[in-house]
Every structure is written in structure tokens, then in C-alpha cells.
Number of protein chains: 2
Amino acid sequence: MDDLHATAAQRLGAADLRYTTSRRRVVTVLADAERPLTIPEILAADPGLAQSSTYRNLAELIGARVVHRIVSGEEFSHYELAEDLTAHHHHLVCTRCGRVEDFTPSERLEADLHHSLAQVADAAGFEVELHRLDLVGTCAGCR
Amino acid sequence: MDDLHATAAQRLGAADLRYTTSRRRVVTVLADAERPLTIPEILAADPGLAQSSTYRNLAELIGARVVHRIVSGEEFSHYELAEDLTAHHHHLVCTRCGRVEDFTPSERLEADLHHSLAQVADAAGFEVELHRLDLVGTCAGCR
DNA sequence: GTGGAAACGAGAATCGTTCCTGTTTACTCT
DNA sequence: AGAGTAAACAGGAACGATTCTCGTTTCCAC
């Protein structure tokens with residue numbers, strides 16, 4: 001997890017940005033959570049953080065590919081560490097409470113996906129950056 | 001396509017809503033487009049539509065499961081007919097221009113997906129409503 | 001140390017979307 | 001047909017998550 005901060009610092013540095021204390025704190029909050037968090041959740045997890053700075057820092061962390069933003073559609077966006085800092089995974093989005101959880105599909109499905117999607121993209125002349133696979137429904141707590 | 005309007009009318013009726021002229025016009029615009037449209041695009045396609053009414057009607061059409069909303073994250077949301085009124089498909093989202101295109105994966109991938117996702121959902125106690133699979137990247141026109 | 005650029009943070013501004021409200025439309029029941 | 005009633009309409013005001021502004025503070029290089 002020391003590793004994580006080293007990587008974050010390096011990626012920010014590559015974009016001529018500093019890995020300041022408040023940016024490190026945002027990254028720490030996201031690393032400690034085991035699911036994507038909203039801005040209010042991030043601020044609640046570390047009350048020392050200022051809202052405006054956190055929005056700005058998240059934007060810069062996203063630009064440096066340290067953080068990823070998930071726009072679920074309802075209310076707040078969710079933020080999590082970039083996939084290559086954790087593990088490739090997808091999301092279970094609850095339409096009742098808005099909560100977002102992570103899940104990892106089987107290796108086999110993931111490999112098939114990659115293969116099939118590459119074909120589709122080629123055919124459309126589309127250059128794939130990433131793929132998103134979300135399950136939308138009702139979580140265990142809301143059923 | 002007459003069929004489409006009949007289904008729309010029926011679904012609205014089930015929710016005690018009327019299939020009025022302006023709602024029919026919104027549905028017609030979406031049916032004529034071969035990709036998800038934004039509000040400005042819908043209004044441009046039929047200048048007789050009022051913005052506020054269109055937002056409200058889209059919300060009601062969504063509630064009646066006639067229309068589906070895609071929140072891409074940047075600027076406007078995109079709207080399209082519900083999948084069971086067209087065909088099951090997914091999206092190519094361009095990060096440069098914000099355009100959203102449809103694509104249909106192979107039957108086989110789709111079947112595998114269904115199977116694997118059902119397992120994941122069961123394990124998490126999650127009740128799946130639908131799955132979303134998006135390819136995010138750069139479209140042919142922006143490369 | 002000192003200069004200058006980057007980052008901070010409180011509040012203002014932005015803008016897609018939703019809400020309010022008076023008017024119009026369209027079914028239903030005589 | 002005509003009145004009564006509820007839904008739908010449409011213009012504009014309001015909302016709220018996010019972004020911007022700008023004066024202050026921090027940090028790094030020389």
C-alpha cells in the first residue's frame with residue numbers, strides 16, 4: 001500500500017502535479033474503502049478535507065489515472081482507485097439505495113469479453129480505452 | 001412500428017398515464033434515430049416539442065419502461081427506446097465527442113454473460129434487473 | 001532566505017434537470 | 001352535446017452536484 005502512494009506520486013509527477021498531503025489523504029480514504037465512494041462519504045471519512053479542494057483533487061487524480069469516476073446516474077458520482085491500482089472488476093449498482101459494490105467475473109468470461117469486444121470495436125473503427133460491465137438491480141440489503 | 005406505439009400506449013395505460021400527442025412524438029423521434037439522443041437533439045428533431053414537457057414526458061416514459069436513459073457522465077444524458085422495444089444491445093461511448101452508438105455482441109458472448117452474471121448475482125444476493133456493457137474510447141470520426 | 005509557481009479553500013457561478021403554477025386538453029358521466 | 005374533473009402542457013423559477021474564481025498559503029529551486 002506504500003507502493004500505491006509511490007505509484008500515485010509518480011503518475012501525478014508525470015503530469016507535473018504534486019502529491020500533496022490532501023491528495024494523499026483522498027487516495028488513502030479510497031484505498032481504505034472496499035467500494036466506490038461519493039463525495040459526501042469521502043468528506044465524512046476524513047473531515048479535514050475541504051469540499052472544493054476534494055472535487056479539484058479528484059479531477060486531477062482522474063486526469064493522472066490514479067482515480068476513476070463512476071457516474072451512476074442518481075445523485076452523486078462515485079469515485080474509486082484506478083483499476084490497475086487494485087484489480088480489474090465491475091459493479092453491482094443498486095437502484096434503491098444507490099450503493100455501488102465491486103465484483104470480479106471469472107477469468108474465462110473476462111477473456112471471452114476481451115476477445116469479442118475487440119472484434120466489435122475493430123469492425124466499428126472504434127479504439128477501446130476500457131470496458132464497463134455493470135449489473136443494475138436491487139442489492140441484498142434492499143430486497 | 002405501429003406495434004411500437006401500441007406497446008407504448010399499453011405500458012403507459014398500465015401506469016394510468018395517457019399516450020398523448022407529445023409523448024407519441026418523443027417516441028417517434030427516438031424510433032427514427034438509430035442511436036441514443038440527447039435532449040437538445042430530440043428538441044431539434046421536432047421543434048414543436050417544449051423542453052420542460054419533454055423532460056417530464058421522458059421521465060414518465062422511463063417510469064413506464066418505454067424509454068431508457070443513459071448517463072454518460074459528460075454533459076447531457078442520452079435517451080433511447082427500451083431494449084425490449086428494439087433489440088438487446090450495448091454502447092460505444094466516445095470520450096472525445098460524447099457520441100453514443102449501439103452495438104450488438106455475438107449471441108454466444110451474450111449467453112455466456114447471462115450465465116456468468118447470474119452466478120455472481122446469486123452469490124451476492126443481488127437481484128439483477130439489467131446489465132450494461134459499454135465500450136469507452138474513441139470513435140472512428142474522432143481518431 | 002527569497003521568488004515564483006502550484007495548491008488551497010470559501011464562496012460564487014454554472015448549467016442540466018426538476019419543480020411550480022396557471023392554462024389547456026381530453027376523457028366520463030349525464 | 002355540455003359540464004365536471006383530472007391529467008397534461010409550457011414557460012419560467014428553483015434546485016443541486018459540480019466547477020470556477022480569487023485572495024491566501026504552501027512548497028520547491030536557486
Side-chain angles (χ1 to χ4, degrees), chain A residues 5 8-29 36-44 46-64 66-80 98-100, chain B residues 5 8-29 36-44 46-64 66-80 93 97-100:
Chain A
H5 291 298
Q10 181 205 322
R11 293 194 187 178
L12 282 168
D16 275 315
L17 296 169
R18 298 176 193 153
Y19 195 41
T20 63
T21 304
S22 51
R23 285 172 191 169
R24 176 186 296 263
R25 282 164 70 174
V26 170
V27 169
T28 301
V29 168
L37 301 181
T38 63
I39 281 273
E41 288 171 336
I42 294 169
L43 300 180
D46 185 342
L49 295 173
Q51 186 192 58
S52 64
S53 300
T54 302
Y55 267 115
R56 178 165 33 71
N57 285 332
L58 282 170
E60 274 153 5
L61 288 165
I62 289 167
V66 175
V67 168
H68 176 61
R69 175 181 180 178
I70 304 160
V71 184
S72 48
E74 306 295 320
E75 294 229 296
F76 298 93
S77 292
H78 292 252
Y79 300 87
E80 67 181 349
R99 195 180 175 93
V100 179
Chain B
H5 291 297
Q10 181 204 324
R11 293 193 186 178
L12 282 169
D16 275 315
L17 295 170
R18 298 179 192 149
Y19 195 40
T20 62
T21 305
S22 52
R23 286 172 190 168
R24 176 186 294 264
R25 281 163 71 173
V26 169
V27 168
T28 301
V29 168
L37 300 181
T38 62
I39 281 273
E41 287 170 337
I42 294 170
L43 299 180
D46 185 341
L49 296 173
Q51 186 191 58
S52 64
S53 300
T54 303
Y55 268 114
R56 179 171 30 75
N57 285 332
L58 283 170
E60 276 153 3
L61 288 166
I62 289 167
V66 174
V67 168
H68 176 61
R69 176 181 179 177
I70 304 161
V71 184
S72 48
E74 306 293 319
E75 294 228 296
F76 298 93
S77 291
H78 291 252
Y79 300 87
E80 67 181 348
V93 181
C97 65
R99 195 178 176 94
V100 179

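Since the structure is predicted, the reported quantities are computational estimates derived from the model, not experimental observations.
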Novice: Has A:T20 got a side-chain N or O lying under 4.0 Å from the OP1 or OP2 atom of C:dC8?
Specialist: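 For C:dC8, OP1/OP2 do have a side-chain N/O of A:T20 under 4.0 Å.
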Novice: Tell me whether the OP1 or OP2 atom of D:dC9 has a side-chain N or O from B:S53 closer than 4.0 Å.
Specialist: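 No, no such contact exists.
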Novice: What's the CD1-P distance between A:I42 and D:dA17, to the nearest Å?
Specialist: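 It works out to 14 Å between those atoms.
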Novice: Rounding to an integer number of Å, can you tell me how far A:L61 CG sits from C:dA7 C1'?
Specialist: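 Distance, rounded to whole Å: 13 Å.
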Novice: As an exercise, state the distance from OG1 of B:T28 to CG of B:D46, rounded to the nearest 0.5 Å.
Specialist: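 The CG atom of B:D46 is 8.5 Å from OG1 of B:T28, to the nearest 0.5 Å.
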Novice: Tell me: CD of A:E74 to P of D:dA17, nearest whole Å?
Specialist: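 About 12 Å, once rounded to whole Å.
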Novice: Can you list the steps and then say if A:R69 with A:L58 is a side chain to side chain contact (heavy atoms under 4.5 Å, CB included)?
Specialist: CA-CA 9 Å; A:R69 175 181 180 178; A:L58 282 170; over 6 Å; no
Novice: As an exercise, state the distance from OG1 of B:T38 to CD of B:E75, rounded to the nearest 0.5 Å.
Specialist: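 Result: 9.0 Å between the selected atoms.
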Novice: For A:I62 and D:dT18, give me the distance from atom CD1 to atom P, rounded to whole Å.
Specialist: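 In whole Å, D:dT18 P and A:I62 CD1 are 10 Å from each other.
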Novice: Does OP1 or OP2 of D:dA8 have a side-chain N or O of B:N57 closer than 4.0 Å?
Specialist: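 Answer no for this pair, as no side-chain N or O of B:N57 is under 4.0 Å from OP1 or OP2.
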Novice: In whole Å, I'd like the distance from the CG atom of A:D16 to the P atom of C:dG4.
Specialist: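 My rounded result for the distance is 19 Å.
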Novice: Rounded to the nearest Å, what distance is computed from the OH atom of residue A:Y19 to the C1' atom of nucleotide C:dC8?
Specialist: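 After rounding, the reported distance stands at 17 Å.
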Novice: Using a 4.0 Å heavy-atom cut-off to protein, can you give one letter per nucleotide of nucleotides 11-19 of chain C, 5' to 3': B if the base is in contact, S if only the sugar-phosphate is, - if neither?
Specialist: B----SBBB
Novice: Rounded at 0.5 Å granularity, tell me how far CZ in B:F76 sits from CD1 in B:I39.
Specialist: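 So the CZ of B:F76 and the CD1 of B:I39 are separated by 8.5 Å.
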Novice: Between atom CZ of B:R25 and atom OG1 of B:T54, what is the distance when rounded to the nearest 0.5 Å?
Specialist: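 Here the rounded value is 9.0 Å.
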Novice: Quick one: B:L43 CG to D:dA10 P, roughly how many Å, whole number?
Specialist: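 Computing the B:L43:CG to D:dA10:P distance gives 11 Å.
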Novice: About how many Å separate OH of A:Y19 and CG of A:N57, when rounded to the nearest 0.5 Å?
Specialist: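 Those atoms lie 10.5 Å apart.
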